[in-house]
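Read through the structure below, which is laid out as structure tokens, and then see the notes.
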Amino acid sequence: GQVQTFEINPETDGFMILFTEDFLTRNLIHPDSPAFARLYNYHLYPPAIRPSDKVIPVFNNLIRDIHAEYSLKNGFAREEMLRTLLSLLLLKAERNRQQRCAPMETNSHRLRQFSRFKTLLESFFTQTRNAQDYADRMQVSYHRLNTLVKSVTGITAKAFIDRFITLESKRRLAVSDISIKELTYAMGFDEPTNFVKYFKRHAGHSPVQFRKKSARIFH
């Protein structure tokens, strides 16, 4: 369900492996599923993982094995092989991230609470951008929610809400022809002027400027 953009470069090639969140939930062999909530959550962390030179061959070999198994249409236990290989690839990706990046929050209770906050935000962001409203829905104090979000993301609850709305706005501008007026109401703003000011404050440029920039990348 995530949006990706690629700049065309004749000197670069690669593979794209598409899978759903439901696939992860059903098939992950590792019990620490919050690790993958961190790994594949563009609202939390930059999506690109840059393996060290030492492990690049490991990733290359795994991806080749996945491609070979995928191409083997009638192979015995093909789906089980694909699940196992993909799980191994994701586990190694998370290990590589942990080794090369700053330590991430690992408290499972906190991650579950954060996931609850994010689910509420996804459901109600068109109704409110007030962090206190989400704290009330979670039946915790604003201070506790703020501490929770900062422990997982490094930013305040309000900053996370603003980042979430800005990223969702960018995503819709990039992949659809929705008008600025329609997007204004879809994102829960009452006037296009207010939405444009909000977007410009957090994105650094207007929605129209962002759409033009995205069109150059996509085309």
Side-chain angles (χ1 to χ4, degrees), residues 1-123 151-154 164 167-168 170-172 174-176 214 217-219:
Q2 298 189 17
V3 175
Q4 298 133 44
T5 64
F6 301 91
E7 294 188 30
I8 297 174
N9 182 345
E11 298 178 0
T12 302
D13 61 9
F15 291 95
M16 176 181 287
I17 304 173
L18 297 178
F19 51 91
T20 64
E21 183 177 354
D22 180 60
F23 177 88
L24 286 180
T25 302
R26 288 185 290 108
N27 296 300
L28 279 178
I29 60 174
H30 193 270
D32 184 21
S33 59
F36 296 100
R38 299 192 299 271
L39 185 60
Y40 293 100
N41 192 327
Y42 68 96
H43 291 293
L44 291 180
Y45 303 102
I49 299 173
R50 303 186 183 278
S52 63
D53 292 341
K54 184 178 179 180
V55 299
I56 283 177
V58 176
F59 283 103
N60 286 342
N61 290 335
L62 273 171
I63 290 170
R64 289 192 187 99
D65 288 345
I66 290 173
H67 182 256
E69 196 65 40
Y70 181 80
S71 302
L72 192 64
K73 297 301 182 183
N74 297 312
F76 170 74
R78 174 174 171 266
E79 291 189 12
E80 288 78 2
M81 292 283 193
L82 285 170
R83 283 197 292 267
T84 301
L85 287 167
L86 180 59
S87 294
L88 185 57
L89 178 68
L90 298 178
L91 288 167
K92 287 187 176 292
E94 174 63 10
R95 175 191 285 175
N96 183 80
R97 185 193 287 278
Q98 290 186 8
Q99 290 173 341
R100 293 173 64 84
C101 300
M104 292 183 179
E105 169 63 49
T106 57
N107 184 291
S108 294
H109 174 69
R110 251 180 254 174
L111 288 171
R112 285 195 296 271
Q113 287 292 94
F114 174 78
S115 179
R116 184 183 172 203
F117 162 66
K118 185 170 174 291
T119 298
L120 286 170
L121 179 58
E122 290 169 346
S123 299
S151 73
V152 177
T153 68
F164 177 92
L167 283 172
E168 285 300 313
K170 286 181 176 181
R171 186 174 68 83
R172 298 186 193 198
V175 301
S176 74
S214 298
I217 293 174
F218 275 108
H219 300 101

Nearest heavy atoms of I49 and A93, plus distance in Å: CD1-CB, 4.0 Å
Euclidean distance, E69 CD relative to T84 OG1, rounded to 0.5 Å: 9.5 Å
Within-4.5 Å side-chain heavy-atom neighbours: L88 and K92: yes
Flag side-chain contact, heavy atom, 4.5 Å: M81 against F76: no
Rounded distance (nearest 0.5 Å) linking atom CG of L86 with atom CD1 of I17: 6.0 Å
Rounded distance [0.5 Å steps], CZ in F15 versus CD1 in I66: 10.0 Å
Contacts of T119 that satisfy side-chain hydrogen bond (donor to acceptor under 3.5 Å, both in side chains) - sequence neighbours left out: none
Inter-residue atom distance S115.OG - R110.CZ, 0.5 Å rounding: 15.5 Å
Spacing of L91 atom CG and L62 atom CG [to the nearest 0.5 Å]: 10.5 Å
N/O donor-acceptor pair under 3.5 Å between N61 side chain and P57 backbone: yes
Value rounded to 0.5 Å, distance of CE in M16 from CD1 in I63: 12.0 Å
Under 3.5 Å donor-acceptor, R78 side chain and L72 backbone: yes
Minimal non-hydrogen separation, S52 against N96, with atom names: N-OD1, 3.6 Å
Enclosure of Y70 OH (heavy-atom neighbours >12, cutoff 6.0 Å): no
